[in-house]
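What follows is one structure encoded as structure tokens, with my remarks underneath.
One is the number of the first residue; the rest follow in order along the sequence.
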Amino acid sequence: MSKDLVSIIVSLYNKERYIEKTIKNIKEQSYSDWELIVVDDCSTDRSYAIAKGYENEQIYVIRNDKRQGVAKTRNIGLKRAKGKYICFQDADDLWESTKLEKQIRFMKQKQCAFSYTAFKYMKEDGTKRKRMVKVQEALSYEEALKNIRILTISAMIDITKIDKELLKMPDVPSEDIATWWNILEKGYITYGLNECLVYYRQTPKSLTSNKIQSAKNRWYLYRKYKHLTFFKALYYFLHYAIYAIIKRI
């Protein structure tokens with residue numbers, strides 16, 4: 001195993017339309033020292049069969065015995081991961097071919113444990129939108145409670161610097177945001193690479209397309225997961241709402 005191996009974890013459920021393109025997209029990375037761990041969460045379509053067809057010494061495909069949900073499914077992949085760097089990819093999203101190469105170089109330059117990148121949305125048919133969502137240069141826990149732009153598929157974590165246990169995603173709404181908060185709460189700073197290296201596919205069912213549900217999830221995290229007082233939760237929620245409005249202008 002290389003000292004700079006990247007473990008890429010994909011949670012898969014009923015994405016037969018996209019999973020082949022996503023796997024091919026990862027195989028086209030300019031950085032070749034990676035392993036891909038696809039965990040199928042009991043898909044009822046051909047997703048598992050398609051992924052299984054790509055299995056080799058670099059690509060591993062696991063199938064859950066029963067439905068686990070995205071958080072637990074990612075955690076199953078995390079347990080299997082052997083790399084120094086951990087990345088997450090979704091079964092219907094895409095990366096630039098230089099994503100891994102540039103992000104590892106960025107992390108070594110910054111000597112940081114956690115990084116993420118700018119991104120663009122793409123339509124359901126794969127058409128990429130022009131506007132790039134920029135990210136903060138550096139993000140602490142306090143700032144992340146107000147405004148967090150860490151797209152899961154853009155994150156990269158060095159587990160020689162951050163305990164792998166901290167990457168385990170809790171089974172709560174917006175489990176990825178909860179995970180980043182848990183890491184940053186320990187005093188880590190995450191650094192943003194302001195270059196679009198990933199593309200997030202927006203579909204009618206995607207959470208980012210459902211603003212009301214996103215807001216409900218955020219309030220739940222403040223009050224029920226982080227147990228903030230009502231007024232402190234309201235303070236952070238207002239920041240979240242203002243940034244959400246600004247983002248749409």
### Query
Would you call D90-R74 a salt bridge at under 4.0 Å N-O?
yes

## Note on the structure
Correct closest heavy-atom pair for R129 and Q202 would be NE-OE1, 3.4 Å

#### Entry: In one Ile/Leu/Val/Met/Phe/Trp/Tyr side-chain cluster, 4.5 Å: I8, I104
yes

### Message
Quick check against the 3.5 Å criterion: does R63 have a side-chain atom that pairs as donor or acceptor with the backbone of S43?
### Response
yes

### Message
Classify the ring geometry of W181 against Y222: parallel below 30°, tilted from 30° to 60°, perpendicular beyond 60°.
### Response
parallel

### Message
Using modelled atom types and a 3.5 Å cut-off, is there a donor and acceptor pairing between side-chain atoms of T229 and backbone atoms of K232?
### Response
yes

### Query
Can a cation-pi geometry be assigned to R80 and Y60, taking NZ or CZ under 6.0 Å from the six-membered ring centre and within 45° of the ring axis?
yes

#### Entry: Donor-acceptor pair, side chain of N25 and main chain of L94, under 3.5 angstrom
no

#### Entry: Minimum heavy-atom distance N147-Q136, with the two atoms named
O-NE2, 2.9 Å

### Message
Is it the case that the side chain of S97 and the backbone of E28 share a donor-acceptor pair, with hydrogens and angles ignored and the cut-off at 3.5 Å?
### Response
no

### Task
Give a yes or no on whether a salt bridge exists between E195 and K99, defined as a side-chain N under 4.0 angstrom from a carboxylate O.
no

### Query
Does R105 come within less than 4.0 Å of E101, counting only side-chain N to carboxylate O?
yes

### Query
Does a side-chain N-to-carboxylate-O contact under 4.0 Å join K52 and E55?
yes

### Query
Got a donor-acceptor contact below 3.5 angstrom from the Q58 side chain to the S32 backbone?
yes

#### Entry: Aromatic plane relationship, Y240 with F237 - under 30° parallel, 30 to 60° tilted, over 60° perpendicular
tilted

### Query
So, are D4 and K108 salt-bridged, with charged N and O less than 4.0 Å apart?
yes

